[in-house]
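Notes to accompany the following structure.
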Amino acid sequence: MSITLPRLATSKNDEILLLLQNGLPSPMKTLWYNTKQFEAILIKGGFSSMPNRFVSNALRSNRNNKKQIDHNLSSNVHWYCFDGAHKQYPDPSQQRKAIKAALKVDASDD
């Protein structure tokens with residue numbers, strides 16, 4: 001599978017943000033993720049040798065939210081949503097509650 005990026009990257013940080021913004025399937029773009037979760041996605045996708053804090057630095061490089069990435073600080077963790085206009089949950093805590101509720105329902109089906 002190949003993707004076409006909407007513009008050229010201007011730096012390594014910009015390149016990884018472009019990849020995450022345009023490489024995630026549409027439903028995944030509407031969810032909240034922290035940097036460790038993004039790193040896990042990238043490692044699973046084949047980026048096994050990233051420098052320490054590479055994703056964190058890339059996300060922090062988004063000065064004045066030029067890339068229009070929704071940001072939320074919840075429980076001292078930075079959370080990001082790439083498609084903020086269509087996000088499934090207003091904030092990460094609501095997303096966690098919905099996932100916990102779904103897991104409880106799924107466990108009771110057994």
Side-chain angles (χ1 to χ4, degrees):
M1 178 181 122
S2 66
I3 59 173
T4 303
L5 299 177
R7 59 183 175 76
L8 294 176
T10 58
S11 67
K12 288 180 182 180
N13 288 337
D14 192 32
E15 191 171 351
I16 202 71
L17 290 178
L18 271 170
L19 178 65
L20 286 168
Q21 283 177 302
N22 296 283
L24 289 174
S26 293
M28 288 180 71
K29 291 179 189 179
T30 63
L31 297 173
W32 292 96
Y33 298 93
N34 61 39
T35 55
K36 289 185 182 193
Q37 291 169 328
F38 280 133
E39 287 172 356
I41 290 168
L42 290 167
I43 288 169
K44 186 86 169 166
F47 289 83
S48 57
S49 60
M50 290 181 293
N52 288 342
R53 302 186 53 79
F54 182 58
V55 174
S56 176
N57 290 337
L59 289 163
R60 280 191 281 126
S61 74
N62 182 27
R63 302 270 187 248
N64 300 320
N65 200 22
K66 289 181 183 177
K67 310 281 190 285
Q68 298 179 344
I69 302 168
D70 276 17
H71 174 256
N72 187 296
L73 180 62
S74 176
S75 303
N76 290 328
V77 176
H78 293 272
W79 294 85
Y80 303 90
C81 178
F82 283 114
D83 190 359
H86 303 100
K87 60 187 167 218
Q88 293 184 35
Y89 303 97
D91 59 62
S93 63
Q94 294 295 319
Q95 179 175 300
R96 286 192 303 274
K97 288 176 187 175
I99 290 170
K100 284 181 183 179
L103 291 174
K104 284 182 182 179
V105 169
D106 192 37
S108 66
D109 290 343
D110 291 338

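These values consider heavy atoms only, across backbone and side chains, with no hydrogens, waters or symmetry-generated copies.
The backbone N or O of R53 lies less than 3.5 Å from no partner atom in the side chain of S56, so there is not a single donor-acceptor pair. Side-chain N or O atoms of N64 include none that pairs as donor or acceptor with a backbone N or O of K66 at under 3.5 Å.
Surrounding NE2 of H71 are more than 12 heavy atoms belonging to other residues, nucleotides or ligands, all under 6.0 Å away. Atom CD of Q68 is surrounded by 12 or fewer heavy atoms from other residues, nucleotides or ligands within 6.0 Å. No more than 12 heavy-atom neighbours from other residues, nucleotides or ligands sit within 6.0 angstrom of CG on N52.
Taking the six-membered ring for Trp and the full ring otherwise, Y80 and Y33 have centroids separated by 6.0 Å or more.
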Test side chain to side chain contact (heavy atoms under 4.5 Å, CB included) on K67 and Q21; report intermediate values, then the result.
CA-CA 9 Å; K67 310 281 190 285; Q21 283 177 302; 3.9 Å; yes
Under the criterion side chain to side chain contact (heavy atoms under 4.5 Å, CB included), I'd like the reasoning laid out for R96 against S74: C-alpha separation, chi angles, the key distance, then a yes or no.
CA-CA 11 Å; R96 286 192 303 274; S74 176; 3.4 Å; yes
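How far CG of L59 is from CG of N34: 10.0 Å, rounded to the nearest 0.5 Å. Taking SG of C81 as the start and CD1 of I69 as the end, the distance is 10.0 Å to the nearest 0.5 Å. Within the model, atoms OH of Y89 and CD of Q95 stand 6.5 Å from one another, a figure rounded to the nearest 0.5 Å. We find the CG-CG distance between D14 and L19 to be 11.5 Å, quoted to the nearest 0.5 Å. D70 contributes atom CG, which lies 10.5 Å from atom CZ of F82 (distance to the nearest 0.5 angstrom). Here the straight-line distance linking atom CG of L18 with atom CG of N13 works out to 11.5 Å at 0.5 Å rounding.
Between W32 and K87 there is a side-chain heavy-atom pair separated by less than 4.5 Å. Side chains of F54 and F38 form no contact here, defined as non-hydrogen atoms less than 4.5 Å apart.
One side chain, S93 or D91, offers a donor N or O that lies under 3.5 Å from an acceptor on the other.
With sequence neighbours excluded, the residues that form a side-chain hydrogen bond (donor to acceptor under 3.5 Å, both in side chains) with T30 are Q88. Residues passing the side-chain hydrogen bond (donor to acceptor under 3.5 Å, both in side chains) test with Q37, sequence neighbours excluded: none.
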List the atom pairs, donor and acceptor, that lie under 3.5 Å between side-chain atoms in residues 39-50 and the rest of the protein, sequence neighbours left out.
none

